[in-house]
Asker: 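Quick one: structure below, then a few questions.
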Amino acid sequence: MTFQSIIEEIENNLKMILTDLSVPTISFTVEVAKPGFGDVSSNIAFLLAKEMKKSPKEITQILSEKYSQCVSELVLKTEAHPSGYLNFFADWSKLSELILSQSYLDTFGDVDIGNNSNIVVEHTSVNPNKALHIGHIRNIVVGDTVSRILAKVNYKVNVLNYIDDSGLQVADIIVGFKHFGFNEEPPNGKKFDHYCGDDVYVKTTQKYELDSSLEEIRKNTLKELEDGNSEIAAFGDLITRKVLAGQLQTCWNLNVSYDCLNFESQIIRSGLWSKIFEKLKEMGLIEFENEGKNAQCWVIRGDGNEEDKVIVRSNGTATYIAKDIPYAAWKLGLLDDPFYYQKYDARQPNCKTLWQTSLNGENTNQNFTAKKVVTVIDSRQERLQKIITVLMEKFNSTPDSYVHLGYESVTLSSDTAKTLGLETDGKQAQMSGRKGLYVSADSVCELLKQKITEETKKRHSEMSDSEIEKIAQSVSIGTLRYEMIKQDLDKIITFDLAKSLSLEGDTAPYIQYAYARASRILEKSGITPSIDVDFSLLRENSELDLIKTIGLFNSQVRDAANNFAPKVIARYCHDLAVSFNSFYEHVKVLDSDNDALKSSRICLVNSFNLTLEKALDLLGISAPHKM
RNA sequence: GGGCCUAUAGCUCAGCAUGGAUAGAGUGUUGGACUUCUAAUCCAAUGGUCAAGGGAUCGAAGCCCUUUGGGCCCA
């Protein structure tokens, strides 16, 4: 138990007091107090004001007196605040022991929400025709962070990456290679995914604009691509897998791993669509339209004002949403699994085996489906995702089984757009792969790494290159991941190249620096941290504040998981670092002549490090011992 | 025309789900703190009719309604 212990104790006592006063049960809050108002506070008196026909001020005094007669382990005293709040002061010698000894356990912060059940998280899902740009990174980092949080709350998480290897975007680069003379080997050792995106894709789409007769070539290529047996399809497979390899390299560099790669081309060829199409007809979830503008089409009826959505066109071809329906149903385990699974040859950051779907082979023992599915896609796809969510609910009659986790897009600041050659009149600009208007993830990582290498060299002239490289890697990835996660999912991130290189304030380096400082204290102390210390010696405000923050880890994890809100953990890491830095300035750990006090403080410093390490791990950020 | 998101300090954002105390950070600007456990830090000052209007409430940044600005999706 952690800080939650004292909250529960207070809740129970207050409930008993209510029974005592024979007042009907009401749902009052008991929560961490604002600074300056004790440790815990409750709004209970406000809620009783009507019932008891007294002012909150009077009631809180009555409650405060009553409380002093209760058995309390962790509460030292109560305060009837004139505002009407009932405030509690903790017995820190006991609470510190409780929190700090818990924080030394490997399981600290574990919460059981998932009950060891399966859950699927799908993220990334980028067309394999270009390098990942900074907008994709938001998806990837959100998805990866949510996966880590879900694992912490006792879900068995399967992470999927959907490879959309059969659409128009892929057809476009194939046209580039086959018809416009692009060499299959990139020039000057350029990374293949960058070459396809920056050169082949952008220049091919430019040519379409100049010559509309090329549209025919494009259409034919797409058709051949979708026919699995053609030479073009085989060539497409070769190219997209090479691009994918480049994309995965970027992801792994960001500390992101997957469990399975699902290829769209195989989903199409697996026959899943025709199976679910029949079921949807049987269940009456789709209808054949006899008249109107959608005559001869199969449609999903729109809810209320919504338009009907065409699923199968009058010429018999399935629309784009039709591909998503069997895939969603497959993820939920609602269809017989048509896939065999092969190992993808790679060493991932978490050392887990990466599998990929295949339509032939032997291994069928893998299962990547779950009763609960989270799909991370930006909110521009909300309409489509809503249709799928509603359809899946009707299909398996389980509410909330299919969750679309949406987020707003990443745009470019006008300054950054300008450096890419686009004048925007001071406005932010939407990124576009087609127009070549984007900032690639690899380039941002590289710039950050260079800057951090310089900064580290300035501070540590004695360090070896390999040590500096390790720090630069950890801090650069941390910086990028933190920027992508720290704000709310429904706020647009305006990416500015210059500002993204900032390493001060509310950034990952700030947090990582606190860890490095703490590590240094532990290293220099010559004491092995232990929880066999006198906790009552920790009395300074900055010490108690740090302990309190450490004790809030569990509740923050719970909050983050329940709301799929990765930023909650980001803010928590920042809070921890702020508390620690304040402690660092106010209290000199190693200066003390008092050995008992020194040991207690070392215990606290180590507790901070252990907790921050776990919290940062949920964000996929590592904590360097020096920087 | 319909739908979704958004508006809080000069700038970037927390807080809003579950209404109560003094609306918090970062950044910027100004000043201060390194012979000390690492100054990627800390301290102080500065800065807010919480977009506007209305409603319900003892009480609203938060809830309801209307309007406006910005972004996106569909038609």
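The structure displayed is predicted, hence computed values, not measured ones. Just the heavy atoms: all of them, side chains too, but no hydrogens, waters or symmetry mates, feed the values below.
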Asker: Which parts of residues 546-554 of chain A get close to RNA chain B, meaning a heavy atom less than 4.0 angstrom away?
Answerer: none
Asker: Have A/Thr416 and A/Thr419 got a donor and an acceptor in their side chains that come within less than 3.5 Å?
Answerer: no
Asker: Could you check, using the six-membered ring where one of them is a Trp, whether A/Tyr162 and A/His123 have ring centers closer than 6.0 angstrom?
Answerer: no
Asker: Would you say a side-chain N or O of A/Gln430 is under 4.0 Å from OP1 or OP2 of B/C72?
Answerer: yes
Asker: Between the protein and nucleotides 55-59 of chain B, which nitrogen or oxygen pairs come in under 3.5 angstrom?
Answerer:
none

Asker: Is it true that A/Arg520 and A/Glu523 have a side-chain N and a carboxylate O under 4.0 angstrom from each other?
Answerer: yes
Asker: NA contact type, A/Ser41, heavy-atom cut-off 4.0 Å: base, sugar-phosphate, or nothing?
Answerer: base
Asker: Restricting to pairs with a member in residues 547-561 of chain A, which pass side chain to side chain donor-acceptor pair (under 3.5 Å), not counting sequence neighbours?
Answerer: A/Asp39-A/Lys548, A/Thr549-A/Ser579, A/Asp559-A/Asn563
Asker: Do A/Pro529 and A/Tyr104 come within less than 4.5 Å of each other through their side chains, counting heavy atoms only?
Answerer: yes
Asker: Quick check: any donor-acceptor pair below 3.5 Å linking the side-chain of A/Thr456 to the base of B/A40?
Answerer: yes
Asker: Looking at A/Glu289 and A/Arg301, is there a salt bridge between them, counting it only when a charged N and a carboxylate O are closer than 4.0 Å?
Answerer: yes
Asker: Using whole Å, what does the distance between atom C1' of nucleotide B/G71 and atom CZ of A/Arg380 come to?
Answerer: 11 Å
Asker: Can you check the distance between B/U68 and B/A52, where both ends of the measurement are the P atom (answer in whole Å)?
Answerer: 16 Å
Asker: Contact between A/Thr78 and A/Phe89 at the side-chain level, heavy atoms closer than 4.5 Å - yes or no?
Answerer: no
Asker: What nucleic acid atoms does A/Lys588 come within less than 4.0 Å of, heavy atoms only: base, sugar-phosphate, or nothing?
Answerer: base
Asker: Under 3.5 Å for both distances, Watson-Crick or G-U wobble, that's the pair rule; now give the dot-bracket for RNA chain B, with | marking pairs to another strand and [ ] for crossing ones.
Answerer: (((((((..((((......[...))))((((((.......))))))....(((((..]....)))))))))))).
Asker: Is there a donor in the side chain of A/Asp164 and an acceptor in the side chain of A/Ser125, or the other way round, less than 3.5 Å apart?
Answerer: no
Asker: For residues A/Phe580 and A/Phe583, establish whether the separation of their ring centroids is below 6.0 Å.
Answerer: yes
Asker: Less than 4.5 Å apart, side chain to side chain, heavy atoms only: is that true for A/Ser41 and A/Leu86?
Answerer: no
Asker: CG of A/Asp591 versus P of B/C34: gap in Å, rounded?
Answerer: 16 Å
Asker: Show your reasoning for whether ring-ring contact (aromatic ring centres under 6.0 Å, His included) applies to A/Tyr67 and A/Phe88.
Answerer: CA-CA 10 Å; A/Tyr67 200 94; A/Phe88 300 85; 5.0 Å; yes
Asker: Using a 4.0 Å heavy-atom cut-off, does A/Arg383 contact any base of the nucleic acid, only the sugar-phosphate backbone, or nothing at all?
Answerer: base
Asker: Strictly below 4.0 Å, N to O, side chains only: are A/Arg459 and A/Glu455 in salt-bridge contact?
Answerer: yes
Asker: Decide, yes or no, whether a salt bridge links A/Glu469 with A/Lys449 under the criterion of side-chain N to carboxylate O below 4.0 Å.
Answerer: yes
Asker: Below 3.5 Å between N/O atoms, which protein atoms pair up with nucleotides 7-14 of chain B? Just atom names and distances, please.
Answerer:
residue	atom	partner	partner atom	Å
B/A7	OP1	A/Lys491	NZ	3.3
B/C13	OP1	A/Gln487	OE1	3.2
B/C13	OP1	A/Ile492	O	3.4
B/A14	OP1	A/Asp488	N	2.8
B/A14	OP2	A/Lys491	NZ	2.4
B/A14	O2'	A/Arg571	NE	2.7
B/A14	O2'	A/Arg571	NH2	3.2

Asker: Output yes if the stacking criterion (under 5.5 Å between centres, under 30° between planes) is met for A/Phe37 over the base of B/A21, else no.
Answerer: no
Asker: Regarding A/Val587, tell me which of base, sugar-phosphate or nothing describes its non-hydrogen contacts under 4.0 Å with the strands shown.
Answerer: base
Asker: Decide, yes or no, whether a salt bridge links A/Glu585 with A/Arg517 under the criterion of side-chain N to carboxylate O below 4.0 Å.
Answerer: yes
Asker: Provide, to the nearest angstrom, the distance between the CD1 atom belonging to A/Ile511 and the P atom belonging to B/U41.
Answerer: 11 Å
Asker: Indicate whether the side chain of A/Thr317 and that of A/Asn315 have a donor and an acceptor atom separated by less than 3.5 Å.
Answerer: yes
Asker: Is it true that A/Lys427 and A/Asp425 make a salt bridge, defined as a side-chain N closer than 4.0 Å to a carboxylate O?
Answerer: no
Asker: Please report, rounded to the nearest Å, how far the C1' atom of B/A17 is from the CG atom of A/Asp490.
Answerer: 12 Å
Asker: We want to know whether A/Thr375 and A/Tyr402 form a side-chain donor-acceptor pair, criterion being a heavy-atom distance below 3.5 angstrom.
Answerer: yes
Asker: One character per nucleotide, please: for nucleotides 42-47 of chain B, 5' to 3', B when the base has a protein heavy atom closer than 4.0 Å, S when only the sugar-phosphate does, - otherwise.
Answerer: S-----
